[in-house]
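Accompanying notes for the structure given below.
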Number of protein chains: 2
Amino acid sequence: MSHRLPPLNGLRAFEAAARHLSFKIAARELGVTSGAVSQQVKALEATLQVELFRRLPRGLLLTDIGQAYLPDLSEAFRIISKSTEAIAPALPARKLKIGISEQLKTHLPANWPIPSDALSAHVGKPVVTTDLELVRSGDLDGLLQLQQVAAHGLSNEKVAAIKMPTVTEPIYYICPVGLAGCRQSRVLVSSLISVFSDVG
Amino acid sequence: MSHRLPPLNGLRAFEAAARHLSFKIAARELGVTSGAVSQQVKALEATLQVELFRRLPRGLLLTDIGQAYLPDLSEAFRIISKSTEAIAPALPARKLKIGISEQLKTHLPANWPIPSDALSAHVGKPVVTTDLELVRSGDLDGLLQLQQVAAHGLSNEKVAAIKMPTVTEPIYYICPVGLAGCRQSRVLVSSLISVFSDVG
DNA sequence: GAATGAGGCTTAGAATTTCTCTGTCATGGC
DNA sequence: GCCATGACAGAGAAATTCTAAGCCTCATTC
C-alpha cells in the first residue's frame, strides 16, 4: 500500500503547536524559532487547504478540523517514537555544540565533522574558541583542545592523540561531568581516535 | 508528551524502500531519483546508528532491525494518511506541470506561482512553451496562453481575461480532458481569475 | 570471455526547503 | 498611554534534498 502524505515536517510543527496552543512554546520544544513553526504550519494549511488554527494575538485556538487531526497525529508520532526507541535506544536528542581551539582546527578536515560521517549526526559544526565559560554557561557542550588547562567542576580528559614527527600531542575534551560518558560524547571520542590516535 | 523523532523524510524513504526491497521502485513511488532515496536511507541509518538494509548488487534485504521497524512505520504512515484524508479529502497528488506562453509570462509575476500563495502547493514552476505535444505526451499537464489554437482531443477553455487599456485578452487553458475539472486545475483557474479577471 | 543491463553507491553542484532575523500588528495588563 | 506578549510577514542565510553522471558488482546473453 502506498501512502499519500503531506509535508511531514509541517505535521510535526502542527502537532507540537497544537499540544501547546502556542507557536512560541512549540518552537522551544522543536529547537527552532517561532517564525519557523509559523511558516511550517502555514505551508501545511496551504497544502491541505484547511485552517488548523485560529490565531489570537497571544496564542492559538484549534479549529474543529485541527482538533480532529491532532489525536491521530500524536498517536502516529508516538508509534514512530516508540518503535525508533526500540531499535535505536540512544537516538541523540540533539547535536553537541563543540568548541575547538585554533591549533586543533588546523589538524581537522575543513568541513569536520564530515557530512557523510556518522559523527555529523551527533556533533554540529564546531565553534573556534577556548572559552571555558561558554561550557559552564551551557552555550557549548564541550571544548576540544591541545593544551591541558585547569577546568574546575568540569570533566577534563585526554581522549585522543595527534602523532607528529617529533612529538605526540594529546587532545583534551572538556565538558560538563554529566555529558562526559553520554552517547554523543562517546561517538565523538571514538571518531577522534579514528582520525588521530588513541591516547595509548 | 513530547516526541523524540528521527528525520521524518528519511523514514518515508526507508518505509517505501522496505516495502519494495528496492530503492529504484521506491524512488518511482516517491517521485525522486534512486540516488535521493539511497542518500536519505543512508543518513537515517547514520542518525540511528543501525543498519536497516543489506545491500545486494540488485536490490535490498531487510536486516532484522529493519524488519522490526517496518510494520510500525507503515502503521504510523497509514494513520497519518487516513486522518489527512479525513480532514482534507482532496490532498493534491502532485503539482501540475504547466507551460505558459512568452506573451502570458510578461503579465505574470516573475516568481509565479508566488511561494506564499495557496496556488504554489498545486502548481509547480511553469515552463515557457506553447508546444501542445508536451501536453499530449504527458510531459506537461497543461498550457496557458493568450492565443486560441486548435487542440483536438484536449480540453481548451477560456478561463480568465487580461484587461488592457484598449482590449481584453482571454487566457486559454489547454489540458487533457481528464484534468480539466480536477482540484488543481480549479485552484489554478480561480487563481488566474484573481490575478486578472473573469472571462465575463 | 565479452558485452550488456540492472540496481545500489558516491560525489558535486543545483534546487528546494527550512531557518533566522527583524520589524509590524493586535491585543492585554498595569 | 506604555510596555510586554506572541503571531505574522518578508528577505536572505543556512541546511537539506535533489539531480546527473559515473562507478561498482553482479547476472544474463551471445
Side-chain angles (χ1 to χ4, degrees), chain A residues 6-14 16-18 20-47 51-63 66 94-95 109-111 113-117 120-121 123-125 127, chain B residues 6-14 16-18 20-47 51-62 66 94-95 109-111 113-118 120-121 123-125 127:
Chain A
L8 296 176
N9 286 324
L11 291 188
R12 178 156 42 178
F14 162 69
H20 296 293
L21 292 179
S22 160
F23 286 158
K24 184 81 183 285
I25 299 177
R28 223 184 292 145
E29 176 181 312
L30 298 174
V32 297
T33 61
S34 62
V37 176
S38 174
Q39 281 182 9
Q40 287 278 351
V41 171
K42 181 172 179 175
L44 178 66
E45 286 174 316
T47 296
E51 279 197 2
L52 299 168
F53 288 119
R54 294 215 340 265
R55 273 80 159 174
L56 305 181
R58 293 190 192 205
L60 310 165
L61 289 180
L62 278 165
T63 59
R94 59 178 177 86
K95 295 183 181 181
N111 61 340
I114 312 275
S116 57
D117 190 49
S120 69
V123 174
K125 269 201 177 292
V127 175
Chain B
L8 296 176
N9 286 324
L11 292 188
R12 178 158 41 180
F14 161 69
H20 297 294
L21 293 179
S22 161
F23 286 158
K24 184 78 183 288
I25 300 177
R28 221 183 291 147
E29 175 180 309
L30 298 175
V32 297
T33 61
S34 63
V37 175
S38 174
Q39 281 181 11
Q40 287 278 350
V41 170
K42 181 172 179 177
L44 178 65
E45 285 175 317
T47 296
E51 279 197 359
L52 298 169
F53 290 118
R54 291 213 346 263
R55 274 77 158 177
L56 305 181
R58 296 195 191 199
L60 310 166
L61 288 180
L62 278 165
R94 62 179 174 84
K95 295 184 181 182
N111 60 339
I114 313 274
S116 58
D117 191 49
S120 67
V123 173
K125 267 201 177 299
V127 175

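All heavy atoms count here, side chains included; hydrogens, waters and symmetry mates do not. Proteins come first, then strands; the chains are lettered A, B, ... in the order of their sequence lines, and each starts at number 1.
Mapped onto DNA chain D by nearest heavy atom, A:F23 and B:G10 fall at different nucleotides, with A:F23 at the one closer to the 5' end. Nucleotides of DNA chain C nearest to B:N9 and B:G59 differ in position, and the one nearer the 5' end is that of B:G59.
Atom-to-atom, CD1 of A:I25 to P of D:dG6 comes out at 7 Å; the value is rounded to the nearest Å. Across the protein-nucleic acid pair, B:L56 atom CG and D:dC26 atom C1' stand 10 Å apart, rounded to whole Å. Taking atom NZ of A:K24 as the reference point, atom P of C:dT27 lies 19 Å away to the nearest angstrom. Distance CD (A:E45) to P (D:dA9): 11 Å, rounded to an integer number of Å. One atom, CG of A:L21, and another, C1' of D:dT5, lie 16 Å apart when rounded to the nearest Å. The interatomic distance linking B:R58 (CZ) with C:dT4 (C1') rounds to 10 Å, in whole Å. When rounded to the nearest whole Å, the span between CZ of A:R12 and P of C:dT17 equals 17 Å. Rounded to whole angstrom, the span from the NZ atom of A:K42 across to the C1' atom of C:dT17 amounts to 16 Å.
Taking only side-chain atoms of A:P57, from C-beta outward, the nucleotide of C:dA26, D:dC18, C:dC9 with the closest atom is C:dA26. Here the side chain of B:T33 is nearest to one of D:dT19, D:dC8, D:dC18, namely D:dT19. Nearest to the side chain of B:R55, among D:dT25, D:dA7, C:dG8, sits C:dG8.
You'll find a donor-acceptor pair under 3.5 Å spanning the side chain of B:Q39 and the base of C:dT11, going by distance alone.
Between C:dG8 and B:S22, a contact under 4.0 Å exists linking OP1 or OP2 to a side-chain N or O. Between C:dG8 and B:S38, no contact under 4.0 Å exists linking OP1 or OP2 to a side-chain N or O. At D:dC18, one or more side-chain N or O atoms of B:Q40 fall inside 4.0 Å of OP1 or OP2 (strictly under the cut-off).
At distances below 3.5 Å, not a single donor-acceptor pair connects side-chain atoms of B:S34 with backbone N or O atoms of B:A27. Checking side-chain atoms of A:E45 against main-chain N and O of A:L52 turns up a donor-acceptor pair under 3.5 Å.
In terms of heavy atoms, B:N9 sits closest to B:Q40 at C-OE1, 3.7 Å.
Residue contacts shown for A:S34 are absent, as no nucleic acid heavy atom lies under 4.0 Å away.
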Where do B:V41 and B:R55 land on the side chain to side chain contact (heavy atoms under 4.5 Å, CB included) test, with the steps shown first?
-> CA-CA 12 Å; B:V41 170; B:R55 274 77 158 177; 3.9 Å; yes
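Residues passing the ring pair (Phe, Tyr, Trp, His ring centres under 6.0 Å) test with B:F14 are B:F53, B:Y69, sequence neighbours excluded.
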